[in-house]
Protein chains: 2
Amino acid sequence: MTDNAPRKTLPRLDESLLTHMPPFSRLERRQIREILDQASSRRYDAGVAVFDEGAPAERFFMLLDGYIRVVRVTATGEQVIALHIPAGQLFGIARALGRDTYPATAVTAAESIALSWPMRLWDEFVRQYDGFATETYKTVGQRIGEMNTRIVEMATQQVEQRVANALLRLINQTGRKVPEGIEIDFPITRQDLSELTGTTLHTVSRLLSGWEKQGLVKSGRKRIVVCDAHRLVVISGAQLP
Amino acid sequence: MTDNAPRKTLPRLDESLLTHMPPFSRLERRQIREILDQASSRRYDAGVAVFDEGAPAERFFMLLDGYIRVVRVTATGEQVIALHIPAGQLFGIARALGRDTYPATAVTAAESIALSWPMRLWDEFVRQYDGFATETYKTVGQRIGEMNTRIVEMATQQVEQRVANALLRLINQTGRKVPEGIEIDFPITRQDLSELTGTTLHTVSRLLSGWEKQGLVKSGRKRIVVCDAHRLVVISGAQLP
DNA sequence: GGCGGACTTTGCGCTGGCGCAAACTGCCTG
DNA sequence: CAGGCAGTTTGCGCCAGCGCAAAGTCCGCC
């Protein structure tokens, strides 16, 4: 395990990085070594674009640490956040969707580290590595499900319910236990939440203030802790059986 | 080419049915024959469910004729139309998304004919038939793109713009030239349009009435003709370069 | 330590579009 | 051809949530 092979960007990557990531979990150590040897690793500051909507999809990525926000920008310049990606998932996998440009912009929501490979290796990975394709399409399926849910929510729910749902989804996917409750694990502003729910930062601010008075959440600058998820579920309008 | 093999449902299917459908277009006649021999063919009346959300995904389908509406139902019973599928596309391809249940309900928007295969053949098709996987994922990619656009629209646009966009999308995908303009090729009610755009049938009705007075559209019972797509584009808020 | 910018809060007035209700119209069925 | 139903139109009143505005708060940087 000594580091005698020169690496472009970082010391030789350790196999354990990938062994527990679903797309690679069924592979042998030797295969993971091959995969890592072809990867580039890079650190990104919070709030920078990893790639831009419409750009040629030259690489695909695996997020090792941090969070990615997938963003689309409208013709009039407004932003909409399509979804958040937690560590351990592939992203920028345009090829899996039969595209050769990225369909949206990927921005880091917090400081992040990602591996990437040239897109030409995609077909090879799919062919050679057992379970890679299957797991990838599971990810795609989940994201489709999530987008679908967003559409249904936007079409049928009130703003208050949508914001509650967005918070619940965030703590489910990216929540971290803290003494007061569950905290969203990356910096998130009122503006961000409004872009997730299709409303304005003013309305989000009012809702959060209200909930804070009732002890449902605690929030500070770029920081939100959900204290009483159960009551939030009630607000979100989920049906109880 | 004589019909001497007994078929369960219909006379022996002709190869020409599939030769021009993208997922199969790169295949040899012999392969298409194999595929057809494993298919069941069935006709559906308008408005019936081909499969239901959450049901085990036992078969996948190719729509030969007609239109499919992909629908989700909320806990409170409201319907939301996720997208429309025109003839020539695969649907019910849960397996391509790593799922074993259907993620939404498929309802025929008009009288339709579809082939179907047991889902266990999916992996075989992907493995054996060149281009099948690629074309399938292109379809998935397109649908993701469409859903994404819907989310962005719902988040940023006014009802009037959303309805205009929905109409434009419909005539693009499923439009048919008629003397007065372009008609949506299947029966569609105000209610349907409202479920597509996340509003109420009342509002849709008012908008269509208004547009009809201005000569933008002509509409009757379950029938909509767009006469002046260009002005509709302006209403939809698309940016002109 | 103080300045500036980023983020947040709050008030106020207005309006788009929803809810409700009632009437109308064309199509299908018996 | 007479209902009756499914789909559509239209009017009216109301309110959730947006736009605008202004002030307050926190953080990082010089």
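The figures here come from the full heavy-atom set of this structure, side chains too, leaving out hydrogens, waters and symmetry mates. Within every chain, numbering begins at 1; the chains are lettered A, B, ... in the order of the sequence lines, protein sequences first and strands thereafter. Quick caveat: nothing in here was measured; it's all calculated off a predicted structure.
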Side-chain atoms of B:Ser205 come closest, of D:dT9, C:dG17, C:dT8, to D:dT9
Less than 4.5 Å apart, any side-chain heavy atom of A:Ile144 and any of B:Val140?
-> yes
Using a 3.5 Å cut-off and no angle test, enumerate the donor-acceptor pairs between side-chain atoms of residues 186-197 of chain B and protein atoms at least two apart in sequence or in another chain.
from     : atom 1 : to       : atom 2 : distance (Å)
B:Thr189 : OG1    : B:Gln191 : N      : 3.3
B:Thr189 : OG1    : B:Asp192 : N      : 3.0
B:Thr189 : OG1    : B:Asp192 : OD2    : 3.3
B:Arg190 : NH2    : B:Ser219 : OG     : 2.8
B:Gln191 : NE2    : B:Glu195 : OE2    : 3.0
B:Asp192 : OD2    : B:Arg69  : NH2    : 3.2
B:Asp192 : OD2    : B:Thr189 : N      : 3.1
B:Ser194 : OG     : B:Gln191 : O      : 2.6
B:Thr197 : OG1    : B:Leu193 : O      : 2.8

Out of C:dG19, C:dG17, C:dT10, which has the shortest distance to the side chain of B:Thr200?
-> C:dG19
Reckon A:Arg190 has a side-chain N or O less than 4.0 Å from the OP1 or OP2 of C:dT9?
-> yes
A:Leu201 has a side chain; which of D:dG17, C:dT8, D:dT9 sits nearest to it?
-> C:dT8
Given atom NZ of A:Lys222 and atom P of C:dG5, what is their separation to the nearest angstrom?
-> 16 Å
Output, in order, the C-alpha distance, side-chain angles, deciding distance and verdict of salt bridge (Lys or Arg N to Asp or Glu O under 4.0 Å) for B:Arg162 and B:Glu153.
-> CA-CA 6 Å; B:Arg162 298 210 300 268; B:Glu153 282 177 11; over 6 Å; no
Decide yes or no for A:Met62 and A:Leu18: does some side-chain heavy atom of the first lie under 4.5 Å from some side-chain heavy atom of the second?
-> yes
Find out whether A:Thr149 and B:Arg72 are in side-chain contact, i.e. whether some heavy atom of one side chain is under 4.5 Å from a heavy atom of the other.
-> yes
Between D:dG7 (C1') and B:Ile224 (CD1): distance, integer Å | 12 Å
Without swapping roles, check the side chain of B:Thr174 against the backbone of B:Ile184 for a donor-acceptor pair under 3.5 Å.
-> no
Take atom NZ of A:Lys213 and atom C1' of C:dT8, then tell me their distance rounded to the nearest Å.
-> 13 Å
Between C:dT15 atom C1' and B:Glu160 atom CD, what is the distance in whole Å?
-> 14 Å
Are any of A:Gln158's side-chain N or O atoms less than 4.0 Å away from OP1 or OP2 of D:dA16?
-> no
Tell me: CD of B:Gln191 to C1' of D:dT8, nearest whole Å?
-> 12 Å
Salt bridge (charged side-chain N to carboxylate O under 4.0 Å, His left out) partners of B:Lys222, counting only residues at least two apart = none
Can you name the salt bridge (charged side-chain N to carboxylate O under 4.0 Å, His left out) partners of B:Asp228, sequence neighbours left out?
-> B:Arg231
The side chain of A:Arg206 lies closest to which of these nucleotides: D:dC20, C:dC20, D:dT9?
-> D:dC20
Between D:dG7 (P) and B:Leu193 (CG): distance, integer Å = 14 Å
May I have the distance from A:Glu212 (atom CD) to C:dT10 (atom C1'), rounded to whole angstrom?
-> 15 Å
Looking at residues at least two apart in the chain, or sitting in another chain, which of them share a ring pair (Phe, Tyr, Trp, His ring centres under 6.0 Å) with A:Tyr102?
-> A:Phe51
Can you name the closest pair of heavy atoms from A:Ser116 and A:Arg59 and give their distance?
-> OG-NE, 2.8 Å
Could you write nucleotides 22-30 of chain C as a row of B, S and -, 5' to 3', where a protein heavy atom under 4.0 Å of any base atom gives B, of only sugar-phosphate atoms gives S, and otherwise -?
-> ----BS---
Double-helix bend of the helix from C:dG1-D:dC30 to C:dG30-D:dC1, axes at both ends from 5 pairs, round to 10°, gives 40°
Between B:Leu208 (CG) and D:dG7 (C1'), how many Å, whole number?
-> 13 Å
Under 4.0 Å between a side-chain N/O of B:Thr189 and OP1 or OP2 of D:dA6, yes or no?
-> no
Would you say A:Thr203 reaches D:dA16's phosphate, i.e. side-chain N/O to OP1/OP2 under 4.0 Å?
-> no
